[in-house]
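See structure below.
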Amino acid sequence: MTDLFGGAAPYYAKYRPDHGDQAIEHLARTFGPDGVVLDLGCGPGTVAIPLARSVGEVLAVDPDEGMLETGRALAAGVPNIRWLRGDSTRLRELPAFGHIVMGRSFHWMDRRAVLAELDELLPPGGVVALVGPGRQPVEEPWEPTMRRVREEFDAYTFTATDSFQASGEHPHDVLATSPFSDLESTMYEHRLTYDVDAVIGLQLSYSYSSPARLGDRLEPFKEAARKALLALDPSGTWEYTDLIEVLIARRPAG
Ligand SMILES: C[S@@+](CC[C@H](N)C(=O)[O-])C[C@H]1O[C@@H](n2cnc3c(N)ncnc32)[C@H](O)[C@@H]1O
């Protein structure tokens, strides 16, 4: 698992939308100013970097060296993030933490096993937080067009084994039947503007259409994507409002 995202990290950092200030502030309020928070599947620090301003310490953990390298560079000067190579199967090797957040990463894991282990590792009052698209993700306006281009290039296999898409089981349902069954969901609107280069960069941030996955078809892919996008809308600019969910899961009181 050295480079799971196949060279996607710089594109991820630049073109994947962040979760927006409101979602980060919600997480910060939940964890508190002294909280030590594990950001599991941290990628290039999408959650870790803005969260670190308002909590005690963030342990930013990811199996992908490219993601960690990009995150470390972006966070230069942020003193309270520890970047650690690890994954959901090696939680016991990590320093102690008081809460955990997973941003768009829970679906990569054996979710039930992770929650059972977290029940042993998190202190009383420890929170499991998810941040990302909610139950009804908003499809980007270019997505049907880009899906066709990815299919043309055979770059559209969803690779997460325990995903909602693969198992049909939504994370809410997995959490609701776990030790962390007290759930509180909050939705935030996040307005975004994308141009053609940003939409192409976004495609290269996905594990299934990463630069490594496309190999020597990278340039033809970019060309085909550009042509299809300008045929979709010659202005080459799209605005849309994404919906971000912050899901807070606690052990039930008593
Ligand atoms: C889509 S990115 C999410 C990045 C960031 N947290 C965010 O909110 O955008 C998913 C990340 O999960 C990581 N990942 C994949 N399998 C994992 C596992 N078993 N344990 C921990 N992280 C994993 C990947 O390397 C990738 O960086």
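All values below were derived from every heavy atom in this structure, side-chain atoms included, with hydrogens, water molecules and symmetry-related copies excluded. Note that ligands are numbered from 1 as they come in the structure, with each ligand's atoms numbered from 1 the same way.
Around atom 21 (C) of ligand 1, the closest heavy atom drawn from S88, A9, A60 belongs to S88. Evaluated by nearest non-hydrogen atom to atom 11 (C) of ligand 1, the leading choice among G86, G41, A48 is G41.
Not one N or O of V61 is nearer than 3.5 Å to an N or O of ligand 1, by distance alone. The shortest N or O to N or O distance between R16 and ligand 1 is not below 3.5 Å. An N or O contact shorter than 3.5 Å is missing between V47 and ligand 1 by distance. Residue D62 has at least one nitrogen or oxygen atom sitting less than 3.5 Å from a nitrogen or oxygen atom of ligand 1, judged on distance alone. Between D39 and ligand 1, no N or O atom pair is found at a separation short of 3.5 Å. Close N/O approach between R104 and ligand 1 is found [any backbone or side-chain N/O within under 3.5 Å].
Under the ring-ring contact (aromatic ring centres under 6.0 Å, His included) criterion, the residue pairs touching residues 22-73 are H26-Y188, F31-H99, with sequence neighbours excluded.
Using a 4.5 Å heavy-atom threshold, the side chains of V61 and D39 count as separate. Looking only at side-chain heavy atoms (C-beta outward), V47 and V131 come within less than 4.5 Å of each other.
Using modelled atom types, one finds no donor on one side chain facing an acceptor on the other under 3.5 Å when comparing S209 with R150.
In the vicinity of T46, heavy-atom distances shorter than 4.0 Å reach the ligand 1 atoms 5 (C), 7 (C), 8 (O), 9 (O). Heavy-atom contacts of G43 reach the following atoms of ligand 1: 4 (C), 27 (O) (cutoff under 4.0 Å). Numbered from 1 in the order shown, with element, the atoms of ligand 1 that lie under 4.0 Å from a heavy atom of H19 read 7 (C), 8 (O), 9 (O). In the vicinity of M67, heavy-atom distances shorter than 4.0 Å reach the ligand 1 atoms 27 (O). Applying the 4.0 Å criterion to heavy atoms of G103 picks out, from ligand 1, the atoms 3 (C), 4 (C), 5 (C), 6 (N), 7 (C), 8 (O). Applying the 4.0 Å criterion to heavy atoms of D64 picks out, from ligand 1, the atoms 25 (O).
A salt bridge is defined here as a Lys NZ or Arg NE, NH1 or NH2 lying under 4.0 Å from an Asp or Glu carboxylate O, and R226 with D197 meets this definition. Between R147 and E139 there is a salt bridge, since a side-chain N of the basic residue sits under 4.0 Å from a carboxylate O of the acidic one. Salt bridge annotation for D119-R251: present, with a cationic side-chain nitrogen under 4.0 angstrom from a carboxylate oxygen. For the pair E69 and R72, the salt-bridge criterion is not met [side-chain N within less than 4.0 Å of a carboxylate O].
Between W142 and Y194, the two ring planes are tilted [angle within 30° to 60°].
Within a 6.0 Å sphere centred on CG of D182, heavy atoms belonging to other residues, nucleotides or ligands number more than 12.
Using a 4.0 Å cut-off between heavy atoms, P63 contacts ligand 1 through its side chain alone, with no backbone atom that close.
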